[in-house]
Amino acid sequence: MFCDRLDAHMAIDSMAKLKEAANMMTWGTAPACSEHTNPIDRGYGAAVKREISHIVFEEYLQDDDNLALWEKGHSASDIRILLTTFVGEAVRRVNAVALVQLQPQRAPGVNGDVPTVGGGDPLRRS
């Protein structure tokens with residue numbers, strides 16, 4: 001297993017427990033490079049994380065009542081509900097954009113039923 005050198009990950013007893021319990025070796029990655037080694041920090045996961053950030057900071061916290069609650073602190077129950085709401089909405093938005101981008105389009109003027117990705121004439125060479 002690759003770990004990002006967080007103290008808890010790299011503690012000798014943690015590595016020994018993983019080896020014993022799951023026959024798993026651990027390796028520490030270089031500091032500050034998780035976007036290169038962690039799949040959730042790339043592609044789809046990165047898009048969802050960016051959208052969550054946008055929802056929280058550009059939408060939710062722009063409301064004065066929400067900001068006051070945020071600063072006061074939420075209960076664990078409220079945090080679970082908020083996180084579920086934020087993540088669900090972020091996934092919905094990212095999926096909606098992905099579906100639009102992946103929709104096959106019909107090629108104009110060339111056998112109207114020929115699907116192409118991104119539109120255009122499938123017989124035309126660039």
Side-chain angles (χ1 to χ4, degrees):
M1 177 170 70
F2 293 95
C3 301
D4 60 4
R5 294 201 182 265
L6 183 66
D7 289 344
H9 295 166
M10 300 309 296
I12 297 298
D13 61 330
S14 296
M15 292 189 294
K17 286 178 185 175
L18 279 172
K19 174 72 173 154
E20 183 181 316
N23 195 25
M24 185 181 300
M25 297 289 298
T26 57
W27 287 271
T29 61
C33 74
S34 68
E35 71 275 5
H36 301 292
T37 59
N38 187 346
I40 198 66
D41 289 341
R42 302 181 65 134
Y44 182 81
V48 171
K49 287 169 66 173
R50 276 191 305 274
E51 194 59 38
I52 292 169
S53 178
H54 177 80
I55 291 167
V56 171
F57 295 108
E58 303 300 325
E59 296 174 21
Y60 179 77
L61 292 179
Q62 294 304 310
D63 180 284
D64 292 335
D65 293 336
N66 291 340
L67 181 59
L69 284 170
W70 190 270
E71 289 173 342
K72 184 177 86 173
H74 290 291
S75 68
S77 175
D78 289 344
I79 290 171
R80 282 192 297 274
I81 292 167
L82 282 172
L83 286 176
T84 302
T85 302
F86 296 153
V87 170
E89 179 60 16
V91 166
R92 186 195 66 75
R93 291 180 187 184
V94 169
N95 287 347
V97 169
L99 285 174
V100 167
Q101 290 174 345
L102 295 175
Q103 285 291 324
Q105 298 177 9
R106 302 292 175 193
V110 178
N111 191 9
D113 60 350
V114 178
T116 63
V117 176
D121 185 341
L123 303 177
R124 184 173 153 207
R125 297 178 188 245
S126 346

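Model, not experiment: these values are computed from the prediction.
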(request) Enter the distance from Asp78:CG to Trp70:CH2 here, rounded to the nearest 0.5 Å. (result) 11.5 Å
(request) Establish whether Ile52 and Leu69 are linked, either directly or via other cluster members, by ILVMFWY side-chain heavy-atom contacts under 4.5 Å. (result) no
(request) Of all the heavy-atom pairs spanning Val91 and Val48, show the shortest one and how long it is. (result) CG2-CG1, 4.1 Å
(request) Can you see which heavy atom on Gln62 is nearest to which on Phe57, and at what distance? (result) NE2-O, 2.9 Å
(message) Are more than 12 heavy atoms, taken from residues, nucleotides or ligands other than Glu20, located less than 6.0 Å from that residue's CD atom?
(response) no
(message) Once salt bridge (Lys or Arg N to Asp or Glu O under 4.0 Å) is applied, do any residues pair with Arg50, and if so which ones, sequence neighbours excluded?
(response) none
(message) I need the Glu71 CD to Leu61 CG distance, nearest 0.5 Å.
(response) 8.5 Å
(message) As an exercise, state the distance from CD of Glu59 to CG of Asp63, rounded to the nearest 0.5 Å.
(response) 11.5 Å
(message) My understanding is that only residues two or more places apart in sequence, or in another chain, count here; which of them pass salt bridge (Lys or Arg N to Asp or Glu O under 4.0 Å) with Glu89?
(response) Arg92, Arg93
Which pairs of donor and acceptor atoms, one on a side chain in residues 79-87, lie under 3.5 Å apart (sequence neighbours left out)?
{"residue": "Thr84", "atom": "OG1", "partner": "Arg80", "partner atom": "O", "Å": "2.8"}
{"residue": "Thr85", "atom": "OG1", "partner": "Ile81", "partner atom": "O", "Å": "2.8"}

